[in-house]
Amino acid sequence: MKNQIKSLSKYTLATILFFSTACNKEYLDPTRATGNVVLSSAKGLTGVAVGLQRLYTSGRTSVIYSSITASGFVSNELVLLNQGNIPELQLSSGGANIDGTNAVLNQLWTQNLKIIYDADQVINNAANLNDKSYASGLIAYSSIFKALALGTLANHWENIPNEIGTNATFISRIEGYTKAISVLSSAQATISANAISPAFLSSIPAGIDIPNTLNALKARYALFAGDNALALSSANAVDLSVKSVFNFDAVVLNPIFEVATSTNNVFQPLNADLGLTDPLKPDPNDKRIPFYTTENPTILPLIRIKGFGFEGSTPIPVYLPGEMILIKAEAYARQSDLVNALIELNKVVTKTPAQDPFGVGADLLPLVGPFTQQDLLDQIYKQRSIELFMSGLRLEDMRRFNRPVADRKRSFFPYPFNERDNNTNTPADPAF
């Protein structure tokens, strides 16, 4: 991964665009690849594709850090430790304190739009390669990041840009999820026609299982879009024994560890109940609590990050097996199949750490009904809040499950000023 990321600097689209548009005269650097060369070669396209993962995962500007931080503060997963971190302070305060200047939200917006732009360059140009199996890998891998970027934008804003360009028009967040599903479906068709070549898989960072991830993200965004049948069929297609992760090392650190865990100066979990209140508080015997948190008996705060932000090399899952099971439970419940909804829900409630590839397990006794549909939905929300702690998904869950507005500090975020100042189509900011 280290060498692959280093190689990206030679091919980055930002550099290409700078040299092609920054001034009127053309100054050629004979040592630098041109845009046409990069986008017409397998090597150049691979460099751009690998860069997508770096944008998504690396450092304080990454999508992972920004999405977990933004959602975590307003959904009461996190507590601020140092008010000198002004963007995080705004998010922690919530409401009208969050405005279009917020750096975390600006990063979240800009990085996702760049990922979409770069992914489109790879997807569109890979189709011209002679090696269709290598092209298939490029398209599928880049489609994962494009779908994640679309889904992350739709998770945080009421409307999202429909394209990348001057005065881009906007579509609803639900249309954004539908667009992500379309990207994933197209990628699935591509790899069905031409299996991904081993040569491509050996040229990208290890960790992401492409076929399973396409199905998992399709299940996630179909659920968010309200297509319960598609969510159910896609979740059923995921092999729950297979991990799909973003890996980190001494060069590219886990961003939550790098910014928060290692410094103890930005945020930590709100409390041992993961920010949940009665009647949704976790059972004290729930083994997911010591998975996601640890206690420091001498230095405040007592509750600290563990889980997927514990060490610099801790991988972060693209999705969790428990998420897929809970998607099935929710899809069944919303289709009024309460029997199967409870069966799937109890798979998560009773799952032991040893039964989960990542060690995430509640290891509790099964829930026993009778339950109404609303009872089951409440329990599914509770289990998602625990199982998927600090995944960046709780804000979306709060809205979808119609949780009380008082339980969160915002429902949607204002649009960054850098978008509003340059795009007359930018919608009005939400009231809350």
Side-chain angles (χ1 to χ4, degrees), residues 64 68 72 75 77-78 206-209 212-213 215-216 219-220 235-236 238-248 254-257 260-262 268-276 280-297 301-330 341-368 376 378-394 397:
I64 283 183
I68 289 174
S75 64
E77 289 182 310
L78 305 176
I208 296 178
D209 183 282
N212 275 301
T213 299
N215 276 313
R220 176 186 294 173
N236 277 326
V238 179
D239 184 344
L240 301 184
S241 68
V242 176
K243 289 184 178 182
S244 189
V245 299
F246 302 116
N247 283 317
F248 301 96
N254 177 305
I256 302 303
F257 171 84
T261 314
S262 66
Q268 292 289 349
L270 179 64
N271 52 40
D273 293 322
L274 310 184
L276 296 171
L280 300 177
K281 281 186 178 181
D283 185 307
N285 296 314
D286 192 322
K287 292 182 180 177
R288 292 170 297 186
I289 304 306
F291 176 87
Y292 280 116
T293 67
T294 185
E295 290 191 21
N296 187 316
L302 300 182
I303 304 302
R304 302 293 185 88
I305 296 168
K306 195 179 175 189
F308 299 114
F310 192 46
E311 296 180 340
S313 60
T314 302
I316 294 178
V318 185
Y319 61 89
L320 280 173
E323 180 188 0
M324 295 301 107
I325 300 169
L326 288 166
I327 286 174
K328 297 178 197 180
E330 185 178 342
L342 181 58
I343 290 172
E344 296 297 332
L345 177 59
N346 274 328
K347 288 179 183 178
V348 169
V349 172
T350 62
K351 176 163 56 74
T352 67
Q355 292 171 324
D356 185 273
F358 293 95
V360 182
D363 195 13
L364 298 171
L365 295 175
L367 302 175
V368 179
L376 282 174
D378 289 344
Q379 286 297 323
I380 292 166
Y381 171 77
K382 172 181 177 177
Q383 296 304 321
R384 283 183 62 91
S385 296
I386 303 169
E387 187 86 2
L388 307 180
F389 181 64
M390 284 182 63
S391 65
L393 299 178
R394 189 181 287 187
D397 288 353

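What you see is a predicted model; the values in this text were computed from it and never measured.
Residues satisfying the side-chain contact (heavy atoms from CB on, under 4.5 Å) test with S391, not counting sequence neighbours, are L388, L393.
Side-chain contact between L364 and D286 is present, with heavy atoms from C-beta onward closer than 4.5 Å. Contact of the V349 side chain with the P366 side chain is not registered, since no non-hydrogen atoms from C-beta on lie closer than 4.5 Å. Counting heavy atoms from C-beta outward, L376 and L342 have side chains that approach closer than 4.5 Å. Side-chain contact between D397 and S385 is absent, with no heavy atoms from C-beta onward closer than 4.5 Å. A 4.5 Å side-chain heavy-atom check between P321 and F358 finds at least one atom pair inside the cut-off. With a 4.5 Å cut-off on side-chain heavy atoms, L276 and R394 count as touching. When side chains are defined from C-beta on, R384 counts as touching E323, because their heavy atoms get closer than 4.5 Å. No side-chain heavy atom of F257 sits under 4.5 Å from any side-chain heavy atom of S313.
The distance from atom CD1 of I380 to atom CD1 of I325, rounded to the nearest 0.5 Å, is 12.5 Å. Separation of atoms CG (L78) and CG (L274) is listed at 10.5 Å; rounding is to 0.5 Å. Here OG1 of T293 is found 11.0 Å from CG of L302. Values are rounded to the nearest 0.5 Å. Taken to the nearest 0.5 Å, the CD1 atom of I289 stands 11.5 Å off from the NZ atom of K281.
A side-chain donor-acceptor contact under 3.5 Å links R288 and Q383.
Nearest approach of F291 to G359, heavy atoms of both residues: CD1-O, 3.5 Å. Here the closest heavy-atom approach between residue D273 and residue P282 is recorded as O-CD, 3.6 Å. Nearest heavy atoms, L326 versus E387: CD1-CB, 4.0 Å. Residues P269 and R304 come closest through the heavy atom pair CD-C, 3.7 Å. Nearest heavy-atom pair, G322 versus V348, reported as atom, atom and distance to 0.1 Å: O-CG2, 4.0 Å. In plain terms, the two heavy atoms of A219 and A235 that are nearest each other are CB-N, 3.5 Å.
Between K347 and E344, at least one side-chain N (NZ, or NE/NH1/NH2) sits under 4.0 Å from a carboxylate O, which counts as a salt bridge.
At most 12 non-hydrogen atoms from other residues, nucleotides or ligands lie less than 6.0 angstrom from CD of E295.
The distance between the ring centers of F246 and F308 does not fall below 6.0 angstrom.
Screening residues 352-365 for salt bridge (Lys or Arg N to Asp or Glu O under 4.0 Å), with sequence neighbours left out, gives K287-D363, K351-D356.
Between the E77 side chain and the M390 main chain, a donor and an acceptor come within less than 3.5 Å of each other. Distance alone, capped at 3.5 Å, is enough to place a donor-acceptor pair between the N212 side chain and the D239 backbone.
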(request) May I have the step-by-step check of side chain to side chain contact (heavy atoms under 4.5 Å, CB included) for Q379 and L367, ending in yes or no? (result) CA-CA 9 Å; Q379 286 297 323; L367 302 175; 3.6 Å; yes
(message) Set out, in order, the CA-CA distance, both residues' side-chain angles and the distance that settles side chain to side chain contact (heavy atoms under 4.5 Å, CB included) for T261 and I256, then state yes or no.
(response) CA-CA 6 Å; T261 314; I256 302 303; 4.2 Å; yes
(message) The test is side chain to side chain contact (heavy atoms under 4.5 Å, CB included); show your working for F310 and N254 and say whether it passes.
(response) CA-CA 9 Å; F310 192 46; N254 177 305; over 6 Å; no
(request) Quick one: do F248 and T314 satisfy side chain to side chain contact (heavy atoms under 4.5 Å, CB included)? Show the steps, please. (result) CA-CA 7 Å; F248 301 96; T314 302; over 6 Å; no
